[in-house]
Amino acid sequence: MAVAGDRNVDDDARTTAGSGRGRDDEATPSPKPAPLGHQESSETGAPHKGLPVSGSAGAEKGNGQHDQGGMAGADAIPGQAPYSVFNAWEKRLIVLMVSVASFFSPVSANIYFPALNSLAQEYRVSTTLINLTITMYMIFQGLAPSFTGSLSDSIGRRPVYLFCFVVYIGANIGLALQHQFAALMVLRCLQSSGSSGTIALGNAVVSDIASAAERGAYIGYVSLGGVVGVSLGATVGGILSDFLGWRSIFWFLVICAGVVVILIGLFLPETARAVVNNGSAKPPDWNRSLWDLRPSTKRRRSATAVTERSQGGRFVNPFMTLRICADKEAGIVLLANGVIFAGYCALVSSIPSQFRELYGFDDLHIGLSFIPIGVSAAISAIAVGYAVDWNFSRHSRRLGISVEEARHMNRDLGSFPIESVRCEVALPILALASVAFVVYGWLLSFRTSVAGPLVMLFFVGFGVNGFFTILSVLMVDVYPQAPATATAANNLVRCWLGAGASAAIVPMVNAMSSGWAYTFIAFLYLLMAPLLWVIMRWGPKWRAERIATDKARESASSQNEEA
């Protein structure tokens, strides 16, 4: 394969493509790629001159030894600054902390579901009006990350995490003490704003420390906290509501969030590249954790050359999410993810009322009914994350690129077909989710044993959450320079569509029956398949055009500043 200076890559290196999947990329961004039109391709893996490729290097741990496996390692080129100075275990700990932080937005939504019937009785309002609190929660769940995402790309991840948790804890205390339906509605909006503000931050942290070659597994682990919240939240909510009353739900959230915010404040290091670059730069004094006081951290920073910080998040612009939504490629990705999420929200928000009516379930049994969908979602987050990374390695082999070389491609993927890498895994998962929705709806219509719908909920959880994971990875791939803002745009579209679906599902079931209502949703799901094909076909071209436009705009801005 021809690269800069016509350097040849050893053929033996190409056989390593599947051996190191899951290791961390600590290499610098790859050289600027040639235009799409300057590549030579073939079915047998002929060289692509347009691909941004660097020389391969062995994976090294933080102590300089080679890491032969695991989720994280390091691929470094001698004489060049690593992409990230965090070693394998540090990255694992960072991912663990942000995964726990990602737990609270979905758990706050789902822990509430088993208590819906109890709340309707206490406030003497209809089920439709109680479902309106879910709709309002999701509206703010989509809106808040537009501000926190852009802010974290500018000032860092840690301060935004701490601010969001302070708001969230205050809202939960208010919810536990209020006695009016209007207060319930307002405080749920505030609770949503605090918890959902962390959604954009998890994927952004992954983009700070991981490359496109391994991003699937990392985002899968980060999303694990969220999908566990789906099942655990509903189950815990059912137990608390049944034995201690629904107010205990919010006190439980206050205690859990208080523990997590202390851990984040003390131990989570700053990762935003606009603040610490690859981790070698010291954050401001007010933004330091105990991590920064470790002797090993100080030694590593003093031994690593500090390169120029990223300027991608210099200005706080919450409306950047709207600009991302208007982009051709990103807009299609957001629409597909939003429609899938809307169907999922319609299903889970209808479980309390339908299972109470059909099977006579109380709050506890309704909470237990969410276990299958949560367990399958957790399995899906991990399995699908590794599947997309495996597909990345497969495409690298076809293009004659070793895994180590592929890991050097991060900020500018050039002509690498990242859209095909992601969407090829998403299509069969989309088909699985569609079939599961149809079967689930008709099982409810025919009033079968509850075992049937519960089994279908398992497959719904696997398919839908797997699709979320894949398109979340793709959004970060498409906008790596502003990952938190891209995730915020993703959250804005899907939560607002989900809010409408949550409000509409009960009237739909009453008018059409469960079978036809969920068949209609499955039909909408299948309509997303052609959109994925469009992304695979024209996405690389659109991405290249957008990158060229952004670079021209940055160049013009720099010239104006110099003038």
Is there a donor-acceptor pair under 3.5 Å between the side chain of [X] and the backbone N or O of [Y]?
X	Y	answer
W496	I139	yes
R158	L268	yes
S241	G238	no
T133	L129	no

**Prompt:** Regarding R494 and the six-membered ring of F468, is the cationic atom NZ or CZ under 6.0 Å from the ring centre and inside 45° of its axis?
**Reply:**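 Checked: cation-pi criterion met.
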**Distance flag, aromatic centroids of F165 and F104, threshold under 6.0 Å** =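 Between F165 and F104, which both carry aromatic rings, the centre distance is below 6.0 Å.
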**Message:** Looking at every non-hydrogen atom in both residues, tell me the closest pair between V275 and P284 and how far apart they are.
**Reply:**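 Residues V275 and P284, closest heavy atoms: CG1-CD, 3.9 Å.
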**Asked** Taking atom CZ of F163 as the centre, does the number of heavy atoms from other residues, nucleotides or ligands within less than 6.0 Å exceed 12?
**Response**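 Counting other residues, nucleotides and ligands, CZ of F163 stays at 12 neighbours or fewer.
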Excluding sequence neighbours, so at least two apart, what forms ring-ring contact (aromatic ring centres under 6.0 Å, His included) with [X]?
X	result
W251	none
F250	none
Y161	none
Y112	none

List, one per line, each side-chain donor-acceptor pair under 3.5 Å for residues 520-538, sequence neighbours excluded.
{"unit_1": "Y525", "atom_1": "OH", "unit_2": "I340", "atom_2": "O", "d": "2.6"}
{"unit_1": "Y525", "atom_1": "OH", "unit_2": "Y344", "atom_2": "N", "d": "3.3"}

**Nearest-0.5 Å distance, CZ of residue F341 to SG of residue C495** =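 These two atoms lie 4.5 Å from each other.
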**Nearest-0.5 Å distance, CZ of residue F437 to CG of residue L347** =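 Nearest 0.5 Å value for the CZ-CG distance: 4.5 Å.
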Check residues 169-178 and write down every donor-acceptor pair under 3.5 Å in which the side-chain atom is one partner and the other belongs to a residue at least two apart or another chain.
{"unit_1": "N172", "atom_1": "OD1", "unit_2": "Q191", "atom_2": "NE2", "d": "2.8"}
{"unit_1": "N172", "atom_1": "ND2", "unit_2": "Y168", "atom_2": "O", "d": "3.0"}
{"unit_1": "Q178", "atom_1": "OE1", "unit_2": "Y123", "atom_2": "OH", "d": "2.8"}
{"unit_1": "Q178", "atom_1": "OE1", "unit_2": "Q180", "atom_2": "N", "d": "3.3"}
{"unit_1": "Q178", "atom_1": "NE2", "unit_2": "Y123", "atom_2": "OH", "d": "3.0"}
{"unit_1": "Q178", "atom_1": "NE2", "unit_2": "L175", "atom_2": "O", "d": "3.2"}

**Message:** Checking R157 against D208 for the salt bridge (charged side-chain N to carboxylate O under 4.0 Å, His left out) test, could you report, in this order, the C-alpha distance in whole Å, the side-chain angles of both residues, the deciding distance, and whether it holds?
**Reply:** CA-CA 10 Å; R157 317 300 181 198; D208 293 336; 3.0 Å; yes
